[in-house]
Amino acid sequence: AQSVTQLDSHVSVSEGTPVLLRCNYSSSYSPSLFWYVQHPNKGLQLLLKYTSAATLVKGINGFEAEFKKSETSFHLTKPSAHMSDAAEYFCVVSDQGTGGFKTIFGAGTRLFVKA
Amino acid sequence: KAGVTQTPRYLIKTRGQQVTLSCSPISGHRSVSWYQQTPGQGLQFLFEYFSETQRNKGNFPGRFSGRQFSNSRSEMNVSTLELGDSALYLCASSLTVSSYEQYFGPGTRLTVT
């Protein structure tokens, strides 16, 4: 069965310091994995996606994520946080199983960036 | 290329009423999915349409329904509204049903009083 666990509900960093948002998943098949960002009162924007190509995926705004099958993780990182990165981030797993195509969203991690 | 558009952006309804929300996908996209987002339950999948057919459905009561038109535009309807239906309803479009990359609209904020 599919599941997504975002290990932190809130993360607080100082501007200019690294960001790490953690995500673990479970999937019976070869999943596609995504990170989306949601700014207040806005829809979701795709940051990056993994679809069984390179395990290190680069996304927009300097974010990247590494797919680690042995650890069933897909953590999101950024070397240097910016104030505009303050938002909610969702880790998502999708796969085509016997029950059909399913997409599961994690509970979200709210990122706070301090000046 | 224009993004996903949703109308209306904000809506206030009374318990027992019904509501219809509209979503226009990105041009060329044939799949539309709907999600409900609430502070308590997070993002939950409602249903997905592709080529005017419902392909997947989440665990919501039958009061929640949808449809897709030949131009890929989609509507969702909620009948007999309950207070707990207050939420942000998000629509997402993708190229095909097997294309997992989804593009989201800004959402419709529904408040039920």
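Chain letters run A, B, ... following the sequence lines, proteins first, then strands; residues in each count from 1. Computed from a predicted structure; not experimentally measured. Both backbone and side-chain heavy atoms feed into the values below; hydrogens, waters and symmetry mates do not.
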Report task. Pick one of side chain, backbone, both or neither for B:Arg109, based on which atoms fall under 4.5 Å of a heavy atom in chain A. Result ->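 Just its side chain gets close to chain A.
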Query raised in the report: Which residues in residues 103-115 of chain A have any heavy atom lying under 4.5 Å from a heavy atom of chain B?
Result: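 Residues in range: A:Thr103, A:Phe105.
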Query raised in the report: Looking only at heavy atoms, which of residues 78-89 of chain A get nearer than 4.5 Å to chain B?
Result: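 Residues of residues 78-89 of chain A touching chain B at under 4.5 Å: none.
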Query raised in the report: When you measure from the side chain of A:Gln6 to the backbone N and O of A:Cys91, does any donor-acceptor pair fall under 3.5 Å?
Result: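 Flag set: sc A:Gln6 to bb A:Cys91 pair under 3.5 Å.
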Query raised in the report: Just by distance, do the side chain of B:Thr111 and the backbone of B:Ser86 share a donor-acceptor pair under 3.5 Å?
Result: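 Looks like no, no N/O pair under 3.5 Å.
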Query raised in the report: B:Cys91 and side-chain contact (heavy atoms from CB on, under 4.5 Å): which partner among B:Thr108, B:Val4, B:Leu46?
Result: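 Of all the options given, the one that passes is B:Val4.
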Query raised in the report: Where along residues 30-43 of chain B does a heavy atom come under 4.5 Å of chain A, listed by residue number?
Result: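 Within residues 30-43 of chain B, the residues under 4.5 Å from chain A are B:Tyr35, B:Gln37, B:Leu43.
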**Report entry** chain A neighbours within residues 68-82 of chain B, where any heavy atom lies under 4.5 Å away
**Finding:**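 Hits under 4.5 Å: none found.
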Is it the backbone or the side chain of [X] that comes under 4.5 Å from a heavy atom of chain B, or both, or neither?
X: A:Lys42; result: backbone
X: A:Leu44; result: both
X: A:Gln45; result: neither

Query - Donor-acceptor pair between A:Ser94 and A:Ser32 side chains, under 3.5 angstrom - result: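 No, no side-chain donor-acceptor contact under 3.5 Å.
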Requested in this report: Report the relative orientation of the aromatic rings in B:His29 and B:Tyr103; use parallel for angles under 30°, tilted for 30 to 60°, perpendicular for over 60°.
Outcome: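 B:His29 and B:Tyr103: tilted rings.
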Report task. For the pair B:Arg63 and B:Asp85, find out whether any cationic side-chain nitrogen is under 4.0 Å from an anionic carboxylate oxygen. Result ->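 Result for this pair is yes, salt bridge flagged.
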Report task. May I ask you to check whether over 12 heavy atoms, not counting those of B:Lys57, lie within 6.0 Å of atom NZ? Result ->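 Above 12, so yes.
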Requested in this report: In sequence, state the C-alpha distance, the side-chain angles, and the governing distance for A:Arg22 and A:Asn24, and then conclude on side chain to side chain contact (heavy atoms under 4.5 Å, CB included).
Outcome: CA-CA 7 Å; A:Arg22 299 181 295 165; A:Asn24 286 352; 5.9 Å; no
